[in-house]
Amino acid sequence: MSEMNKSREDGETTIFKKIIDGEIPAEIVYQDDLCLAFHDVSPQAPIHVLLIPKKEIVNVAGFSQDDTHLAGHLMLTVDKVAKLLNIENGYRVVANCGADGGQSVDHLHLHILAGRALAWPPG
Ligand code: AMP
């Protein structure tokens, strides 16, 4: 297994798992049985929401064939969250993956960024 998609074999609990379990607070935008969306604590745009699966998956490289439905559900939920946030004018979806991808929390999350014109390419 590569370093990038290794599971947390040491049983370390991520901050996002604690949010899922209600152990620490978050400003929740949306949730269903499979996923949870909440505002990022350190927003990089006027609107910055994180969409995460409730299942513990490290990042997009950690998806397995068994997660096909979940992966599709996450993508379909992005626009549902965007509509709740009234950001149909445009938004960016980002999934940082691994060290060079800039990932800091080892629980899959989609950044939904909006509220200003976003530059390209990213840094
Ligand atoms: P990444 O660097 O792609 O792994 O993104 C992790 C994101 O999680 C960062 O944008 C952080 O600001 C955000 N974050 C970390 N802790 C919390 C928290 N307790 N509540 C909300 N967002 C958080």
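Counting starts at 1 for both ligands and their atoms, in listed order.
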Under 4.0 angstrom from ligand 1, any heavy atom of [X]?
X	result
Gly102	yes
Glu27	no
His111	yes

- Item | Nearest heavy atoms of Pro46 and Gly115, plus distance in Å |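 The pair with the smallest heavy-atom distance is CG-O, 3.5 Å.
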- Are His109 and His107 near enough that their ring centres are under 6.0 Å apart? no
- Message: Please tell me whether His39 and His48 form a close aromatic pair, meaning their ring centres lie under 6.0 Å apart.
- Response: no
Under 4.0 Å to a heavy atom of [X] - the qualifying atoms of ligand 1, by number:
X	value
Ser42	12 (O)
Gln103	4 (O)
His39	21 (C)
Leu50	8 (O), 13 (C), 22 (N)
Ile15	19 (N)
Val105	4 (O), 6 (C)

For [atom], what's the nearest protein heavy atom and its distance?
atom	answer
atom 1 (P) of ligand 1	His109 NE2, 3.1 Å
atom 9 (C) of ligand 1	Asp40 OD2, 3.3 Å
atom 2 (O) of ligand 1	Ser104 OG, 2.9 Å
atom 8 (O) of ligand 1	Phe16 CZ, 3.3 Å

Any side-chain heavy-atom pair of [X] and [Y] under 4.5 Å:
X	Y	answer
Leu108	Val58	no
Gln31	Lys54	yes
Leu110	Met75	yes

- Show which residues join Ile24 in its hydrophobic cluster (side-chain heavy-atom contacts under 4.5 Å, direct or indirect), or state none. Ile15, Phe16, Ile19, Ile20, Ile28, Leu36, Phe38, Leu50, Ile52, Val105
- Message: Please identify which of these residues, Leu113, Ile47, Val81, Val78, meets the side-chain contact (heavy atoms from CB on, under 4.5 Å) condition with Tyr91.
- Response: Val78
Let me have the donor-acceptor pairs involving side chains of residues 65-72, under 3.5 Å, with sequence neighbours excluded, atom names and distances please.
| residue | atom | partner | partner atom | Å |
| --- | --- | --- | --- | --- |
| Asp67 | OD1 | Lys55 | NZ | 2.5 |
| Asp67 | OD2 | Ser64 | N | 2.9 |
| Asp67 | OD2 | Ser64 | OG | 3.2 |
| Thr68 | OG1 | Gln65 | O | 2.7 |

- Counting heavy atoms only, which of Leu110, Val41, Ile19 is nearest atom 17 (C) of ligand 1?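 Among Leu110, Val41, Ile19, the closest heavy atom to atom 17 (C) of ligand 1 belongs to Val41.
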